[in-house]
There are 2 protein chains.
Amino acid sequence: MKTPQDAFSDYLTDQNLKMTPQRRLILETMLKQGDHVSSEELYARVKKKDPSIGQATVYRTLKLLSDSGLVEPLDFADGVTRYEPSYGKEHHDHLICERCGKNIEIMDETIERRQEAIAREHGFTLCSHKMYLYGVCPDCRKKGEA
Amino acid sequence: MKTPQDAFSDYLTDQNLKMTPQRRLILETMLKQGDHVSSEELYARVKKKDPSIGQATVYRTLKLLSDSGLVEPLDFADGVTRYEPSYGKEHHDHLICERCGKNIEIMDETIERRQEAIAREHGFTLCSHKMYLYGVCPDCRKKGEA
DNA sequence: TTTCTTGCAAAACTTTTGCACGTTA
DNA sequence: TAACGTGCAAAAGTTTTGCAAGAAA
């Protein structure tokens, strides 16, 4: 399997776009510690390595990474779009603690199959889905009781 | 079962808040044709009945209705928060056509049970969930082929 | 009469865009 | 060298907030 870096290069070439140091850096940073980061957060991290980089470039690059399938936009309904690396990773959903924000990745074959079935029953061709489970994690529940 | 209007009144009283003509009108409008409306859209409708009403009042009232459990915020990731009446209605999820925006309400016992089970396996107490299925509806697929 | 609510306008935020200048292929 | 990319600042779009005046309990 191609590295994410190569996959990105290939995508850019394919679209007649160009590789730049900024794009490389943003992808690197995203891959390194990029779980559920917002554009703003990523911008802050990227800026430490290259203070001259602009916020707009981060937004624009995230869109490219998204279009190329290297990262996945997430929507936790907190007002900002978050992203996670998705290249070569299996699809998963999220179980989120409403108190502390803890975020557990889940995958469930039964649910995936039912989703397909439901779409088919309505004549839809399923493209993607989003599922977020919100609850209270064990730690927070203990604190609540104490 | 209480009417939504009464439930809202009770909620307001309970919170030491007050019923007003604006709040009554916004709730009425929401109930009447309120499926998947944004604040902006609701504002437009409400304004026809009472042109003096302010946008901010609609936002503020939607928050109240949300907090009181009368309406449910939806997040179709189109940049705006949408709402639907939820009082006395069964929970359901959404199957959305990516092309035309068609929106079908779905409910599935199997999935709901699995969600509970997954949360439990991780020690979570499940509070709520959101699930959106994105696909292409039969009509749009036909158009695409034509 | 006290507290809450309203409408307005301004502010706050996230994200997008226009533009002149630099860079990539 | 032709096309694309960048940083900056301004703009766009949604939602929130401060405030003075008005209304509900």
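As the structure is a computational prediction, the values presented were derived from the model and not from experiment. In what follows, chains carry the letters A, B, and so on, assigned in the order in which the sequence lines appear, proteins first and then strands, with residues in each chain numbered from 1.
- Considering only heavy atoms from C-beta on, A:Leu133 stays 4.5 Å or farther from B:Phe124 through its side chain.
- Nucleotides of DNA chain C lying under 4.0 Å from heavy atoms of chain B occupy a range whose first and last members, 5' to 3', are C:dT3 to C:dC8.
- Legend: residues meeting salt bridge (charged side-chain N to carboxylate O under 4.0 Å, His left out) with B:Asp108, ordered by chain and number and at least two apart, are A:Arg114.
- Axis angle, first five pairs versus last five pairs of the helix from C:dT1-D:dA25 to C:dA25-D:dT1: 40°, rounded to 10°.
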### Task
Heavy atoms under 4.0 Å is the rule here; annotate nucleotides 20-25 of chain D 5' to 3' with B where the base is hit, S where only the sugar-phosphate is, and - elsewhere.
----BS

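- Proximity of residues 70-86 of chain A to DNA chain C (heavy atom under 4.0 angstrom from any strand atom) is restricted to A:Gly79, A:Val80, A:Thr81.
- For the pair B:Asp139 and B:Lys102, the salt-bridge criterion is met [side-chain N within less than 4.0 Å of a carboxylate O].
- Note on B:Asp10 versus B:Lys2: salt bridge recorded, some NZ/NE/NH1/NH2 to OD/OE distance being below 4.0 Å.
- Applying the side-chain contact (heavy atoms from CB on, under 4.5 Å) criterion to B:Thr81, with sequence neighbours excluded, gives B:Pro73, B:Tyr83.
- Residues A:Glu28 and A:Lys49 are not paired through a salt bridge, judged by the lack of any N-O separation under 4.0 Å between the basic side chain and the carboxylate.
- Taking atom CG of A:Asp14 as the reference point, atom C1' of D:dC4 lies 16 Å away to the nearest angstrom.
- Residues meeting the side-chain contact (heavy atoms from CB on, under 4.5 Å) test with A:Ser128, sequence neighbours left out: B:Glu98, B:Tyr134.
- Within residues 45-62 of chain A, the residues that have a heavy atom under 4.0 Å from DNA chain C are, in order of number, A:Ala56, A:Tyr59, A:Arg60.
- Residues in residues 21-48 of chain B take part in these ring pair (Phe, Tyr, Trp, His ring centres under 6.0 Å) pairs, two or more places apart or across chains: B:His36-B:Phe76, B:His36-B:His94.
- For the pair A:Leu12 CG and D:dA3 P, the computed distance is 19 Å after rounding to whole Å.
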Output side-chain donor-acceptor pairs under 3.5 Å for residues 13-25 of chain A, partner residues at least two apart or in another chain, one line each.
from	atom 1	to	atom 2	distance (Å)
A:Thr13	OG1	A:Ser9	O	2.9
A:Thr20	OG1	A:Arg23	N	3.1
A:Arg23	NH1	A:Lys18	O	2.7

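- Evaluation of the salt bridge (charged side-chain N to carboxylate O under 4.0 Å, His left out) rule for A:Asp67 yields no partner, not counting sequence neighbours.
- Applying the side-chain contact (heavy atoms from CB on, under 4.5 Å) criterion to A:Ala7, with sequence neighbours excluded, gives A:Leu70, A:Tyr87.
- Under the 30°/60° scheme for interplanar angles, the aromatic rings of B:Tyr11 and B:Phe8 are found to lie parallel.
- Put simply, the side chain of B:Thr57 never gets that close to the backbone of B:Ile53: no donor and acceptor are under 3.5 Å apart.
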### Working for side-chain hydrogen bond (donor to acceptor under 3.5 Å, both in side chains), residues A:Glu116 and A:His129
CA-CA 10 Å; A:Glu116 276 293 346; A:His129 73 262; over 6 Å; no

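- Between B:Leu62 and B:Val71, the closest heavy-atom pair is O-CG2, 4.3 Å.
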